[in-house]
S.K.: 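Please read through the structure below; I'll follow up with questions.
Letters go in sequence order (proteins before strands), and every chain restarts at 1.
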Amino acid sequence: MRCGRVRRLLPLYVGGDLDARAARAVFDHVRACADCAALDAAFDSSRRLLGELAPPDFDEEFYAGIRRAVHAEIESKRARRHPALAALFGRRRRFALAALAAVLASSVTLTALRREPRLLDDRQTIESTAAPETTELDPVPGGAIATGPIDGKPAPHPPRAARPTLRVKRAAPRPSQPLVAIADECEPAMQKIEIQTADPSIRIIWFAPSIPAGGD
Amino acid sequence: MSSDVIRAAALHGDADVEERSGDSTSVYAGLAERARAGDAEAFDRLMVLTQRKVVATAWRMLGNREDARDAAQEAYLRAFKYLDRYDARQDFQGWLHRIVVNVCRDAARRRGSQEVAFETERDVELLESVAGSDDTEAGAIRAQERAIVARALATLSHGERAALVLRDLENRPTEEVALILGSRPVTVRSQLCSARAKIKKYCERLLAREAKR
(Lines give C-alpha, C1' and ligand atoms only; values in the text may rest on other atoms or scores of the structure.)
Protein backbone atom coordinates (compact mmCIF):
# COMPACT_ATOMS: atom_id res chain seq x y z
CA MET A 1 0.00 0.00 0.00
CA ARG A 2 1.34 3.44 -0.94
CA CYS A 3 1.87 6.33 1.46
CA GLY A 4 -0.86 8.46 -0.15
CA ARG A 5 -3.50 5.83 0.42
CA VAL A 6 -2.27 5.10 3.95
CA ARG A 7 -2.46 8.78 4.87
CA ARG A 8 -6.08 8.87 3.71
CA LEU A 9 -6.91 5.74 5.71
CA LEU A 10 -5.04 6.65 8.90
CA PRO A 11 -7.91 8.71 10.44
CA LEU A 12 -10.13 5.63 10.18
CA TYR A 13 -7.36 3.24 11.16
CA VAL A 14 -6.66 5.01 14.47
CA GLY A 15 -10.32 4.72 15.44
CA GLY A 16 -10.62 1.05 14.49
CA ASP A 17 -13.01 1.82 11.65
CA LEU A 18 -11.30 -0.16 8.89
CA ASP A 19 -12.11 -3.73 7.96
CA ALA A 20 -9.55 -6.37 8.99
CA ARG A 21 -7.81 -6.57 5.61
CA ALA A 22 -7.35 -2.81 5.20
CA ALA A 23 -6.29 -2.43 8.86
CA ARG A 24 -3.63 -5.11 8.40
CA ALA A 25 -2.31 -3.42 5.25
CA VAL A 26 -2.06 -0.04 7.01
CA PHE A 27 -0.37 -1.61 10.03
CA ASP A 28 2.25 -3.31 7.86
CA HIS A 29 2.97 -0.08 5.98
CA VAL A 30 3.24 2.06 9.12
CA ARG A 31 5.78 -0.37 10.56
CA ALA A 32 7.92 0.03 7.47
CA CYS A 33 7.50 3.77 6.72
CA ALA A 34 8.91 6.39 9.14
CA ASP A 35 6.81 9.29 7.76
CA CYS A 36 3.57 7.38 8.05
CA ALA A 37 4.59 6.15 11.48
CA ALA A 38 5.05 9.79 12.61
CA LEU A 39 1.64 10.65 11.22
CA ASP A 40 0.12 7.70 13.06
CA ALA A 41 1.74 8.92 16.30
CA ALA A 42 0.30 12.41 15.77
CA PHE A 43 -3.18 10.96 15.35
CA ASP A 44 -2.73 8.87 18.50
CA SER A 45 -1.66 11.95 20.42
CA SER A 46 -4.69 13.97 19.38
CA ARG A 47 -6.99 11.05 20.22
CA ARG A 48 -5.41 10.84 23.64
CA LEU A 49 -6.05 14.53 24.19
CA LEU A 50 -9.61 14.11 22.99
CA GLY A 51 -10.12 11.33 25.52
CA GLU A 52 -9.25 13.75 28.32
CA LEU A 53 -12.12 16.01 27.40
CA ALA A 54 -14.47 14.79 30.06
CA PRO A 55 -17.52 16.70 31.28
CA PRO A 56 -17.36 18.21 34.74
CA ASP A 57 -18.54 16.13 37.66
CA PHE A 58 -22.12 17.27 38.10
CA ASP A 59 -23.58 16.66 41.54
CA GLU A 60 -26.84 14.89 42.28
CA GLU A 61 -28.66 18.17 42.84
CA PHE A 62 -27.87 19.19 39.26
CA TYR A 63 -29.55 16.06 37.93
CA ALA A 64 -32.44 16.31 40.38
CA GLY A 65 -33.04 19.87 39.21
CA ILE A 66 -33.35 18.66 35.61
CA ARG A 67 -35.90 16.00 36.60
CA ARG A 68 -37.92 18.46 38.68
CA ALA A 69 -38.09 20.90 35.81
CA VAL A 70 -39.21 18.18 33.41
CA HIS A 71 -41.97 16.94 35.75
CA ALA A 72 -43.15 20.48 36.40
CA GLU A 73 -43.42 21.20 32.67
CA ILE A 74 -45.33 17.97 32.04
CA GLU A 75 -47.77 18.75 34.85
CA SER A 76 -48.33 22.29 33.71
CA LYS A 77 -49.15 21.08 30.18
CA ARG A 78 -51.64 18.60 31.58
CA ALA A 79 -53.30 21.25 33.78
CA ARG A 80 -53.78 23.58 30.77
CA ARG A 81 -55.99 21.04 29.05
CA HIS A 82 -59.52 20.38 30.32
CA PRO A 83 -59.04 17.74 32.98
CA ALA A 84 -62.22 15.80 32.19
CA LEU A 85 -61.53 15.69 28.49
CA ALA A 86 -57.90 14.88 29.05
CA ALA A 87 -58.89 12.01 31.31
CA LEU A 88 -61.60 10.73 29.00
CA PHE A 89 -59.90 11.20 25.67
CA GLY A 90 -56.38 10.23 25.16
CA ARG A 91 -54.55 11.58 22.18
CA ARG A 92 -55.38 8.57 20.00
CA ARG A 93 -59.04 8.60 20.93
CA ARG A 94 -59.32 12.27 20.06
CA PHE A 95 -57.78 11.61 16.70
CA ALA A 96 -60.11 8.66 16.09
CA LEU A 97 -63.16 10.73 17.04
CA ALA A 98 -62.09 13.56 14.76
CA ALA A 99 -61.67 11.13 11.87
CA LEU A 100 -65.09 9.59 12.54
CA ALA A 101 -66.73 13.03 12.64
CA ALA A 102 -65.11 13.91 9.31
CA VAL A 103 -66.40 10.69 7.73
CA LEU A 104 -69.96 11.29 9.03
CA ALA A 105 -69.95 14.89 7.83
CA SER A 106 -68.81 13.92 4.35
CA SER A 107 -71.39 11.12 4.05
CA VAL A 108 -74.21 13.47 5.13
CA THR A 109 -73.04 16.01 2.56
CA LEU A 110 -72.89 13.40 -0.20
CA THR A 111 -76.37 12.12 0.67
CA ALA A 112 -77.77 15.64 0.53
CA LEU A 113 -76.16 16.27 -2.85
CA ARG A 114 -77.56 13.04 -4.29
CA ARG A 115 -81.07 13.99 -3.29
CA GLU A 116 -80.90 17.36 -5.01
CA PRO A 117 -81.15 16.06 -8.61
CA ARG A 118 -84.45 14.35 -7.69
CA LEU A 119 -85.76 17.68 -6.55
CA LEU A 120 -84.68 19.17 -9.87
CA ASP A 121 -86.38 16.32 -11.72
CA ASP A 122 -89.59 17.02 -9.85
CA ARG A 123 -89.41 20.68 -10.84
CA GLN A 124 -88.92 19.78 -14.45
CA THR A 125 -91.88 17.44 -14.35
CA ILE A 126 -94.04 20.15 -12.85
CA GLU A 127 -92.93 22.61 -15.49
CA SER A 128 -93.59 20.22 -18.31
CA THR A 129 -97.11 19.47 -17.18
CA ALA A 130 -98.01 22.97 -16.08
CA ALA A 131 -97.59 24.84 -19.33
CA PRO A 132 -97.29 22.62 -22.27
CA GLU A 133 -96.19 24.37 -25.37
CA THR A 134 -97.81 23.29 -28.57
CA THR A 135 -96.71 23.31 -32.10
CA GLU A 136 -99.46 24.00 -34.44
CA LEU A 137 -99.25 25.28 -37.87
CA ASP A 138 -102.08 27.75 -38.31
CA PRO A 139 -104.24 26.65 -41.15
CA VAL A 140 -104.09 28.93 -44.09
CA PRO A 141 -107.05 28.59 -46.41
CA GLY A 142 -105.86 27.49 -49.80
CA GLY A 143 -102.43 27.04 -48.60
CA ALA A 144 -100.39 24.58 -46.75
CA ILE A 145 -97.56 24.67 -44.44
CA ALA A 146 -95.29 21.77 -44.80
CA THR A 147 -91.91 20.77 -43.77
CA GLY A 148 -90.92 19.10 -46.96
CA PRO A 149 -91.99 18.19 -50.52
CA ILE A 150 -95.03 16.04 -50.96
CA ASP A 151 -95.49 13.69 -53.82
CA GLY A 152 -92.40 15.03 -55.39
CA LYS A 153 -93.80 18.50 -55.74
CA PRO A 154 -92.19 21.33 -53.82
CA ALA A 155 -94.18 22.39 -50.85
CA PRO A 156 -96.23 25.47 -51.48
CA HIS A 157 -95.05 28.52 -49.62
CA PRO A 158 -97.46 30.23 -47.31
CA PRO A 159 -98.44 33.82 -48.04
CA ARG A 160 -96.25 36.26 -46.22
CA ALA A 161 -99.04 37.64 -44.21
CA ALA A 162 -99.71 34.35 -42.61
CA ARG A 163 -96.50 33.35 -40.97
CA PRO A 164 -97.00 30.31 -38.84
CA THR A 165 -96.40 30.58 -35.16
CA LEU A 166 -94.46 27.73 -33.85
CA ARG A 167 -95.30 26.40 -30.48
CA VAL A 168 -93.72 23.24 -29.29
CA LYS A 169 -95.96 20.70 -27.70
CA ARG A 170 -94.08 18.73 -25.14
CA ALA A 171 -96.72 16.46 -23.91
CA ALA A 172 -96.07 13.08 -22.41
CA PRO A 173 -95.14 10.49 -25.00
CA ARG A 174 -98.27 8.98 -26.55
CA PRO A 175 -98.62 5.44 -27.62
CA SER A 176 -97.67 4.85 -31.21
CA GLN A 177 -100.04 6.41 -33.69
CA PRO A 178 -100.36 6.24 -37.42
CA LEU A 179 -97.73 8.34 -39.04
CA VAL A 180 -100.12 10.03 -41.31
CA ALA A 181 -103.67 10.86 -40.60
CA ILE A 182 -105.88 12.61 -42.96
CA ALA A 183 -108.83 14.33 -41.54
CA ASP A 184 -111.64 16.13 -43.11
CA GLU A 185 -112.18 18.40 -40.16
CA CYS A 186 -111.56 21.57 -42.05
CA GLU A 187 -113.34 23.13 -44.96
CA PRO A 188 -114.41 20.73 -47.70
CA ALA A 189 -111.88 22.45 -50.05
CA MET A 190 -109.06 21.80 -47.64
CA GLN A 191 -107.49 18.62 -46.57
CA LYS A 192 -105.86 18.28 -43.19
CA ILE A 193 -102.91 15.97 -43.16
CA GLU A 194 -101.30 15.03 -39.93
CA ILE A 195 -97.86 13.49 -39.96
CA GLN A 196 -96.41 12.00 -36.78
CA THR A 197 -92.64 12.23 -36.71
CA ALA A 198 -90.33 9.79 -35.00
CA ASP A 199 -90.32 12.09 -32.03
CA PRO A 200 -93.62 11.40 -30.35
CA SER A 201 -93.91 14.96 -29.20
CA ILE A 202 -93.63 16.45 -32.69
CA ARG A 203 -96.44 16.14 -35.15
CA ILE A 204 -96.80 17.93 -38.48
CA ILE A 205 -100.26 19.12 -39.38
CA TRP A 206 -100.67 20.08 -42.97
CA PHE A 207 -103.56 21.70 -44.67
CA ALA A 208 -103.66 21.16 -48.40
CA PRO A 209 -106.31 21.92 -50.96
CA SER A 210 -108.37 18.90 -51.77
CA ILE A 211 -107.62 17.23 -55.05
CA PRO A 212 -110.80 16.51 -56.84
CA ALA A 213 -111.29 12.91 -57.77
CA GLY A 214 -109.81 12.07 -61.12
CA GLY A 215 -107.93 15.39 -61.38
CA ASP A 216 -104.13 16.23 -60.85
CA MET B 1 -27.74 -12.42 36.06
CA SER B 2 -31.22 -13.12 37.36
CA SER B 3 -34.14 -11.04 36.21
CA ASP B 4 -34.98 -10.13 39.83
CA VAL B 5 -31.58 -8.51 40.25
CA ILE B 6 -32.06 -6.62 37.02
CA ARG B 7 -35.47 -5.34 38.09
CA ALA B 8 -34.10 -4.30 41.47
CA ALA B 9 -31.30 -2.46 39.72
CA ALA B 10 -33.80 -0.61 37.57
CA LEU B 11 -35.86 0.41 40.58
CA HIS B 12 -32.84 1.70 42.43
CA GLY B 13 -31.25 3.44 39.49
CA ASP B 14 -28.20 1.19 39.26
CA ALA B 15 -27.55 1.62 35.59
CA ASP B 16 -24.24 -0.24 35.67
CA VAL B 17 -25.94 -3.47 36.71
CA GLU B 18 -28.34 -3.22 33.84
CA GLU B 19 -25.56 -2.51 31.37
CA ARG B 20 -23.67 -5.59 32.47
CA SER B 21 -26.80 -7.70 32.53
CA GLY B 22 -27.28 -7.40 28.79
CA ASP B 23 -31.00 -7.23 29.44
CA SER B 24 -31.20 -3.45 29.61
CA THR B 25 -33.38 -3.29 26.49
CA SER B 26 -36.24 -5.07 28.21
CA VAL B 27 -35.88 -2.94 31.34
CA TYR B 28 -36.03 0.32 29.41
CA ALA B 29 -38.84 -0.99 27.22
CA GLY B 30 -40.88 -1.95 30.28
CA LEU B 31 -40.37 1.44 31.90
CA ALA B 32 -41.19 3.22 28.65
CA GLU B 33 -44.41 1.25 28.34
CA ARG B 34 -45.45 2.21 31.87
CA ALA B 35 -44.48 5.83 31.29
CA ARG B 36 -46.56 5.86 28.12
CA ALA B 37 -49.53 4.67 30.16
CA GLY B 38 -49.08 7.67 32.47
CA ASP B 39 -46.84 6.29 35.21
CA ALA B 40 -44.82 9.34 36.30
CA GLU B 41 -42.57 7.25 38.52
CA ALA B 42 -41.57 5.04 35.58
CA PHE B 43 -40.61 8.09 33.53
CA ASP B 44 -38.64 9.46 36.46
CA ARG B 45 -36.82 6.15 36.68
CA LEU B 46 -35.97 6.36 32.99
CA MET B 47 -34.49 9.79 33.56
CA VAL B 48 -32.42 8.56 36.50
CA LEU B 49 -31.03 5.70 34.44
CA THR B 50 -30.03 7.85 31.48
CA GLN B 51 -29.29 11.31 32.91
CA ARG B 52 -25.49 11.01 33.18
CA LYS B 53 -25.02 9.95 29.59
CA VAL B 54 -27.56 12.44 28.31
CA VAL B 55 -25.94 15.36 30.10
CA ALA B 56 -22.44 14.19 29.10
CA THR B 57 -23.42 14.07 25.43
CA ALA B 58 -25.11 17.44 25.65
CA TRP B 59 -22.08 18.97 27.36
CA ARG B 60 -19.69 17.59 24.74
CA MET B 61 -21.94 18.92 21.98
CA LEU B 62 -22.60 22.35 23.47
CA GLY B 63 -19.59 22.99 25.66
CA ASN B 64 -21.02 24.41 28.85
CA ARG B 65 -23.09 23.42 31.88
CA GLU B 66 -26.09 25.71 31.39
CA ASP B 67 -26.62 24.75 27.77
CA ALA B 68 -26.16 21.08 28.63
CA ARG B 69 -28.79 21.33 31.40
CA ASP B 70 -31.30 23.09 29.12
CA ALA B 71 -30.67 20.60 26.33
CA ALA B 72 -31.14 17.64 28.68
CA GLN B 73 -34.48 19.06 29.93
CA GLU B 74 -35.69 19.67 26.38
CA ALA B 75 -34.59 16.20 25.32
CA TYR B 76 -36.57 14.54 28.14
CA LEU B 77 -39.64 16.64 27.39
CA ARG B 78 -39.48 15.61 23.74
CA ALA B 79 -38.95 12.00 24.74
CA PHE B 80 -42.07 12.14 26.92
CA LYS B 81 -44.07 13.79 24.16
CA TYR B 82 -43.05 11.20 21.56
CA LEU B 83 -43.10 8.13 23.79
CA ASP B 84 -45.92 6.70 21.71
CA ARG B 85 -43.55 6.65 18.73
CA TYR B 86 -40.94 4.58 20.58
CA ASP B 87 -40.87 0.99 19.41
CA ALA B 88 -40.06 -1.42 22.25
CA ARG B 89 -37.90 -3.47 19.88
CA GLN B 90 -35.41 -0.65 19.43
CA ASP B 91 -32.70 0.43 21.85
CA PHE B 92 -34.19 3.07 24.15
CA GLN B 93 -30.88 4.79 24.84
CA GLY B 94 -30.10 5.03 21.14
CA TRP B 95 -33.57 6.49 20.53
CA LEU B 96 -33.10 8.97 23.37
CA HIS B 97 -29.65 9.99 22.19
CA ARG B 98 -31.04 10.74 18.77
CA ILE B 99 -33.36 13.20 20.46
CA VAL B 100 -30.44 14.65 22.44
CA VAL B 101 -28.35 15.17 19.29
CA ASN B 102 -31.27 16.87 17.52
CA VAL B 103 -31.93 19.12 20.52
CA CYS B 104 -28.24 20.10 20.61
CA ARG B 105 -28.31 20.87 16.90
CA ASP B 106 -31.37 23.08 17.36
CA ALA B 107 -29.74 24.82 20.34
CA ALA B 108 -26.57 25.49 18.33
CA ARG B 109 -28.66 26.92 15.48
CA ARG B 110 -30.54 29.21 17.88
CA ARG B 111 -27.21 30.37 19.23
CA GLY B 112 -26.39 31.27 15.65
CA SER B 113 -22.77 30.18 15.68
CA GLN B 114 -20.93 27.04 14.75
CA GLU B 115 -18.19 27.75 17.26
CA VAL B 116 -18.84 26.27 20.66
CA ALA B 117 -17.21 27.93 23.64
CA PHE B 118 -16.10 25.16 25.94
CA GLU B 119 -15.89 26.15 29.56
CA THR B 120 -12.57 24.34 30.03
CA GLU B 121 -10.79 27.51 28.95
CA ARG B 122 -11.85 28.99 32.25
CA ASP B 123 -10.00 26.14 33.98
CA VAL B 124 -6.79 27.15 32.21
CA GLU B 125 -7.05 30.76 33.33
CA LEU B 126 -7.66 29.69 36.93
CA LEU B 127 -4.73 27.30 37.02
CA GLU B 128 -2.34 29.70 35.32
CA SER B 129 -3.05 32.25 38.00
CA VAL B 130 -1.79 29.89 40.71
CA ALA B 131 2.00 29.86 41.16
CA GLY B 132 3.83 27.02 42.74
CA SER B 133 4.19 23.26 42.87
CA ASP B 134 4.79 20.66 40.20
CA ASP B 135 1.35 19.20 40.75
CA THR B 136 -0.20 22.48 39.88
CA GLU B 137 2.09 22.80 36.86
CA ALA B 138 1.15 19.33 35.63
CA GLY B 139 -2.45 20.16 36.25
CA ALA B 140 -2.07 23.39 34.31
CA ILE B 141 -0.55 21.53 31.36
CA ARG B 142 -3.41 19.07 31.35
CA ALA B 143 -5.93 21.86 31.55
CA GLN B 144 -4.20 23.63 28.71
CA GLU B 145 -4.31 20.51 26.57
CA ARG B 146 -7.99 20.07 27.32
CA ALA B 147 -8.62 23.64 26.32
CA ILE B 148 -6.78 23.09 23.04
CA VAL B 149 -8.83 19.99 22.26
CA ALA B 150 -12.03 21.76 23.27
CA ARG B 151 -11.20 24.60 20.91
CA ALA B 152 -10.46 22.09 18.15
CA LEU B 153 -13.77 20.34 18.76
CA ALA B 154 -15.61 23.64 18.64
CA THR B 155 -14.44 24.24 15.06
CA LEU B 156 -16.12 21.09 13.71
CA SER B 157 -19.49 21.10 11.97
CA HIS B 158 -22.46 19.73 13.90
CA GLY B 159 -22.39 16.43 11.99
CA GLU B 160 -18.64 15.93 12.46
CA ARG B 161 -18.84 16.83 16.13
CA ALA B 162 -21.80 14.51 16.74
CA ALA B 163 -20.06 11.60 14.98
CA LEU B 164 -16.83 12.18 16.89
CA VAL B 165 -18.53 12.57 20.28
CA LEU B 166 -20.66 9.45 19.86
CA ARG B 167 -17.92 7.29 18.34
CA ASP B 168 -14.69 8.39 20.00
CA LEU B 169 -15.86 9.86 23.28
CA GLU B 170 -18.80 7.53 23.99
CA ASN B 171 -17.34 4.48 22.24
CA ARG B 172 -20.49 3.57 20.34
CA PRO B 173 -20.19 1.30 17.29
CA THR B 174 -20.35 3.02 13.91
CA GLU B 175 -23.66 1.36 13.04
CA GLU B 176 -25.24 2.63 16.26
CA VAL B 177 -23.89 6.13 15.60
CA ALA B 178 -25.44 5.98 12.12
CA LEU B 179 -28.81 5.01 13.61
CA ILE B 180 -28.65 7.81 16.17
CA LEU B 181 -27.71 10.39 13.55
CA GLY B 182 -30.23 9.06 11.08
CA SER B 183 -27.58 8.50 8.42
CA ARG B 184 -25.61 5.61 6.91
CA PRO B 185 -22.40 4.04 8.30
CA VAL B 186 -20.44 5.20 5.24
CA THR B 187 -21.51 8.80 5.93
CA VAL B 188 -20.50 8.45 9.58
CA ARG B 189 -17.07 7.11 8.56
CA SER B 190 -16.59 10.02 6.22
CA GLN B 191 -17.49 12.48 8.99
CA LEU B 192 -15.16 10.71 11.42
CA CYS B 193 -12.30 10.80 8.93
CA SER B 194 -12.74 14.52 8.40
CA ALA B 195 -13.22 15.28 12.11
CA ARG B 196 -10.17 13.33 13.29
CA ALA B 197 -7.97 14.92 10.65
CA LYS B 198 -9.11 18.40 11.67
CA ILE B 199 -8.58 17.70 15.37
CA LYS B 200 -5.09 16.37 14.71
CA LYS B 201 -4.11 19.34 12.56
CA TYR B 202 -5.50 21.86 15.04
CA CYS B 203 -3.82 20.20 18.02
CA GLU B 204 -0.48 19.99 16.21
CA ARG B 205 -0.55 23.68 15.37
CA LEU B 206 -1.51 24.82 18.84
CA LEU B 207 0.86 22.46 20.63
CA ALA B 208 3.71 23.64 18.40
CA ARG B 209 2.82 27.27 19.20
CA GLU B 210 2.74 26.50 22.94
CA ALA B 211 6.11 24.75 22.69
CA LYS B 212 7.69 27.86 21.10
CA ARG B 213 6.67 30.11 24.04
S.K.: Taking the basic N atoms (NZ, or NE/NH1/NH2) and the acidic carboxylate oxygens, is any pair closer than 4.0 Å for A/E60 and B/R52?
M.R.: yes

S.K.: Do the non-hydrogen side-chain atoms of A/V14 and B/K200 ever get within less than 4.5 Å of each other?
M.R.: no

S.K.: Is any residue of residues 18-29 of chain A within less than 4.5 Å of chain B by heavy atoms, and which ones?
M.R.: none

S.K.: Check this for me: B/R184, atom CZ, are more than 12 non-hydrogen atoms of other residues, nucleotides or ligands nearer than 6.0 Å?
M.R.: no

S.K.: Would you find a donor on one side and an acceptor on the other, under 3.5 Å apart, between the side chain of B/R167 and the backbone of A/G15?
M.R.: yes

S.K.: How long is the straight-line distance from CG of A/L12 back to CZ of B/R189, given to the nearest 0.5 Å?
M.R.: 7.5 Å

S.K.: Any side-chain heavy atom of B/E204 sitting closer than 4.5 Å to one from A/S46?
M.R.: no

S.K.: Out of curiosity, B/C203 SG to A/F43 CZ, how far, rounded to the nearest 0.5 Å?
M.R.: 11.0 Å

S.K.: Would a 4.5 Å heavy-atom cut-off, applied to side chains only, mark B/V48 and A/Y63 as touching?
M.R.: no

S.K.: Looking at A/D17 and B/R196, is there a salt bridge between them, counting it only when a charged N and a carboxylate O are closer than 4.0 Å?
M.R.: yes

S.K.: Pick out which of B/V54, B/D70, B/V55 makes a side chain to side chain contact (heavy atoms under 4.5 Å, CB included) with A/I66.
M.R.: B/V55

S.K.: Testing the basics here: between A/L50 and B/L169, what is the closest heavy-atom pair and its distance to 0.1 Å?
M.R.: O-CD2, 3.2 Å

S.K.: Chain B heavy atoms under 4.5 Å from A/R47: which part of the residue, side chain, backbone, both or neither?
M.R.: side chain

S.K.: Measuring from B/R69:CZ to A/F58:CZ, what's the distance to the nearest 0.5 Å?
M.R.: 10.0 Å

S.K.: Side chains of A/H71 and B/M47: does their closest heavy-atom pair fall under 4.5 Å?
M.R.: yes

S.K.: Would you indicate whether the side-chain heavy atoms of A/I74 and B/F43 approach each other to under 4.5 Å?
M.R.: yes

